Amino acid sequence: MLLINANKGKAALAAGVVFLTFLGVSRLSLAAALPRFRGRPALASRRCEWNDPEAHGLSSSKLAELAADFEKRYIRAGLLKGAVVAIVKSGKVIALWELGNYTSNTVFKLYSISKVFTAIAGLQLCEELGISLDTPISQIVPEWPMDLCDESGAKMPPLLLRHCLTHTGGFSKTLPTVHPVGSFRPVELERLRSQVCGATKAARNLKEAVELEGKHPHIFAPGQHFNYCGVGSQLVARAVEEATGMNIAEYMDKRIFKPAGMESTGFVLDEALSGNCVSTDYHPWVLPAVAAALPGRWNRMRLRLRGFLGQLCGCPLIDDIKPAGSAVVLPTKLWDRSLSLFHPDAGVIGTGSDFVKWLQVMSSGKLMGATGAKEVFSQFVLDSLSTPTTPELQAPFAFDASPSRRMFPVRGDLRGGRQRPFNSFPGQRFSLGACVVTDPGKVGLPRRAEGAWHWMGFASTYFFVNRREELSACFLTQLISHRTYPLLDELVKGVHESLL
């Protein structure tokens, strides 16, 4: 029986290889691709940094157990190439591990964590210029229309700044890597078809992107539901640009990154750091969703087939789709200074050490230096990120949300294609820029995790901040998609269980 099953597996693999070759993949490229279908052992931990956890109310043995578990189950098993894990308490780095092939100097694509930085910029705008959260976007972003409509053409209430910070705008822009195609409304499907046919006009800058978006109908009235989407961040960034006269990249560098001591973070990388870049890896299970948005039938078929072969061969990751140094969105390099379209919802990149500095600041709002503490973010900004403002992120308020028992559903939890797992955050509500744990028992978290706020990026970058405990942590790697493994749940639970 075992021999029969083995032969069946080999036959299926052979058939896939023949078909792949038929689609135009050369023998050379095929030979180069197949070794990536085998898990490769990663290096052992390079470095571990400790700073007396017990003196700061944390158990060193439990933290060490958590890091060892991450290393054993993900790094040594070959599921991830590496990770940077950091724990911060009261503004100090208590523990930091460089696992596998990544170090604190590794450049990470933060993807949707960019939305949190954009939210900070928007909150600073509100505080410093006295702009109300209930201001219609059309009053502060001139290219955005005053009158909105749904798919039927019926008029809707105005879009407010508040909606853009809480994913409640009702925008019809989405991607198969965000929400399953089976859950798309007619206007979303039409926009996807237009994209894969190459009929969508490409924007040259953020203003053009927003202007194009304003021509599309909404799928629900602003404020009616939570539906994860990057358009709100684009509108917040445009409001900042209009008010300050700086583009969003310049603003973040001047007002967020530099004040927090983050010298190697932004939308364009210093080319001197190109040697610290790593590939953005893909798990085979996500490739069909990536393929669904590609122009060209054969391109879509090739990528789907590659995902099929990868899963058939037990491949944990594919690392040649976005090699080291490739840009986040466009087919350029991370250090290409001709970039004019900055993506405030996904485009920020930076080193692991910079991200740890940001965690230190977010715990208290201050940057610790040789001459003492310097305030970086105001109490208003910190409170706005940690205070929930929406109902619980479950159906019906969370648009088509699927049931879940995790903080963030992963691939094994997905059931059916007509629901939207990325809208499901049980026991959590959204603040003006992040997700806040309000009922930790619903997702198996310790009681002291209540009030922790968090977010994540598409390439499996995760963090949380718990101001009540003056505690924060991150797990940074580069694997698409972030719904592959339950890393966020394990990070938040494991660190809070280490509190004494």
Side-chain angles (χ1 to χ4, degrees), residues 86-93 110 112-133 161-162 164-166 232-233 236-237 239-241 243-244 246 248-267 344-345 347-389 430-437 451-457 461-474:
I87 317 296
V88 174
K89 187 78 161 64
S90 303
K92 296 180 180 180
V93 180
L110 300 178
S112 286
I113 291 178
S114 307
K115 295 178 175 68
V116 180
F117 297 126
T118 302
I120 291 173
L123 292 168
Q124 289 175 329
L125 192 70
C126 291
E127 182 178 29
E128 295 168 13
L129 298 184
I131 296 176
S132 168
L133 291 166
L161 179 57
R162 178 187 304 278
C164 295
L165 290 165
T166 56
S233 294
V236 171
V240 172
E241 291 182 342
T244 64
M246 293 183 279
I248 192 61
E250 294 167 338
Y251 181 89
M252 286 193 186
D253 184 63
K254 182 178 180 179
R255 294 297 314 278
I256 297 175
F257 301 140
K258 286 294 195 320
M262 302 164 71
E263 298 291 337
S264 301
T265 299
F267 290 88
D345 53 327
V348 175
I349 52 178
T351 60
S353 58
D354 265 12
F355 197 82
V356 174
K357 290 177 184 176
W358 184 68
L359 289 182
Q360 292 178 267
V361 170
M362 295 315 294
S363 297
S364 63
K366 299 178 181 179
L367 178 67
M368 303 301 295
T371 58
K374 179 184 70 172
E375 183 178 276
V376 177
F377 302 124
S378 69
Q379 199 65 37
F380 170 77
V381 170
L382 298 177
D383 288 345
S384 296
L385 289 170
S386 60
T387 304
T389 63
F430 216 78
S431 70
L432 296 171
C435 210
V436 184
V437 177
W453 63 272
H454 66 86
W455 204 237
M456 73 295 290
T461 50
Y462 311 90
F463 80 92
F464 77 83
V465 175
N466 188 332
R467 292 180 59 213
R468 186 178 302 166
E469 300 288 349
E470 296 186 352
L471 179 68
S472 57
C474 68

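Computed over heavy atoms, backbone and side chain alike; hydrogens, waters and symmetry mates excluded. What you are looking at is a predicted structure, and each value in this text was computed from that prediction instead of being measured.
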> Does I349 reach the side chain of L110, with side-chain heavy atoms less than 4.5 Å apart?
Replying inline: no
> Quick one: CD1 on I131 to CG on L125, what's the gap to the nearest 0.5 Å?
Replying inline: 4.0 Å
>> Check for me whether the distance between the ring centres of W453 and F430 falls short of 6.0 Å.
In response: no
>> To the nearest 0.5 Å, what is the distance between OG on S386 and CE on M362?
In response: 8.5 Å
>> I'd like to check V93 versus Q360 (side-chain heavy atoms, cut-off strictly below 4.5 Å). Are they in contact?
In response: yes
> Ignoring hydrogens and geometry, is there a side-chain-to-backbone donor-acceptor pair from K357 to M262 under 3.5 Å?
Replying inline: no
> For A237 and T118, which heavy atoms make the closest approach, and how far apart are they?
Replying inline: N-CG2, 4.0 Å
> Considering all heavy atoms of both residues, which atom of V376 and which atom of P259 are nearest to each other, and what is their separation?
Replying inline: CG2-O, 3.4 Å
>> With a 4.5 Å cut-off on side-chain heavy atoms, are L161 and S132 touching?
In response: no
> What residues, two or more places apart in sequence or in another chain, satisfy side chain to side chain donor-acceptor pair (under 3.5 Å) together with K258?
Replying inline: D253
> Who are the salt bridge (Lys or Arg N to Asp or Glu O under 4.0 Å) partners of E128, not counting sequence neighbours?
Replying inline: R255
>> Using every non-hydrogen atom in the two residues, find where G433 and V116 come nearest and quote the distance to one decimal.
In response: O-CG2, 3.8 Å
> Which residues pass the side chain to side chain donor-acceptor pair (under 3.5 Å) test with E470, sequence neighbours left out?
Replying inline: S90
>> The test is side-chain contact (heavy atoms from CB on, under 4.5 Å); show your working for M246 and E241 and say whether it passes.
In response: CA-CA 5 Å; M246 293 183 279; E241 291 182 342; over 6 Å; no
> Should F463 and V465 count as side-chain neighbours, where that means a heavy-atom distance under 4.5 Å?
Replying inline: yes
>> Going by side chain to side chain contact (heavy atoms under 4.5 Å, CB included), name the residues that satisfy it together with D345, two or more places apart in sequence or in a different chain.
In response: K115, S233, Q234, H343
> How many angstroms lie between atom CD of Q124 and atom CD1 of I256, to the nearest 0.5 angstrom?
Replying inline: 5.0 Å
>> Could you measure the distance from the NZ atom of K89 to the CG atom of L359? Nearest 0.5 Å is fine.
In response: 14.5 Å
>> Restricting to non-hydrogen atoms, name the atom on D383 and the atom on R467 that form the minimum distance, rounded to 0.1 Å.
In response: OD1-NH1, 2.8 Å
>> If you compare all heavy atoms of F355 against all heavy atoms of C474, which two are closest, and at what distance to 0.1 Å?
In response: CE2-CB, 3.7 Å
>> Holding to ring-ring contact (aromatic ring centres under 6.0 Å, His included), I want the full list of residues that pass it with F257, two or more places apart in sequence or in another chain.
In response: F117
>> How close do I248 and A121 get, counting heavy atoms only, and between which atoms?
In response: CD1-CB, 4.4 Å
> In chain order, what residues pass the side chain to side chain contact (heavy atoms under 4.5 Å, CB included) check against S114, with sequence neighbours excluded?
Replying inline: V348
>> K92: which residues meet the salt bridge (Lys or Arg N to Asp or Glu O under 4.0 Å) condition with it, sequence neighbours left out?
In response: none
> When the ring centroid of F377 is compared with that of W358, is the distance short of 6.0 Å?
Replying inline: no
> Just how far is it from atom CE of M252 to atom CZ of F267, taken to the nearest 0.5 Å?
Replying inline: 4.0 Å
> OG of S363 to CG of L471: how many Å apart, nearest 0.5 Å?
Replying inline: 7.0 Å
> side chain to side chain donor-acceptor pair (under 3.5 Å) with T244: which residues, sequence neighbours excluded?
Replying inline: none
> Does E127 have any side chain to side chain donor-acceptor pair (under 3.5 Å) partners at least two apart in sequence or in another chain, and if so, which?
Replying inline: S378
> Sequence neighbours excluded, which residues qualify as side chain to side chain contact (heavy atoms under 4.5 Å, CB included) partners of T389?
Replying inline: T166, L432
> Is a side-chain donor or acceptor of D354 paired with a backbone partner of S264 at a separation under 3.5 angstrom?
Replying inline: yes
>> So does L385 get a backbone contact from the side chain of S431, meaning a donor-acceptor N/O pair under 3.5 Å?
In response: yes
>> Using the side chain to side chain contact (heavy atoms under 4.5 Å, CB included) criterion, which residues pair with A473? Sequence neighbours excluded.
In response: I87, F464, L491, V495
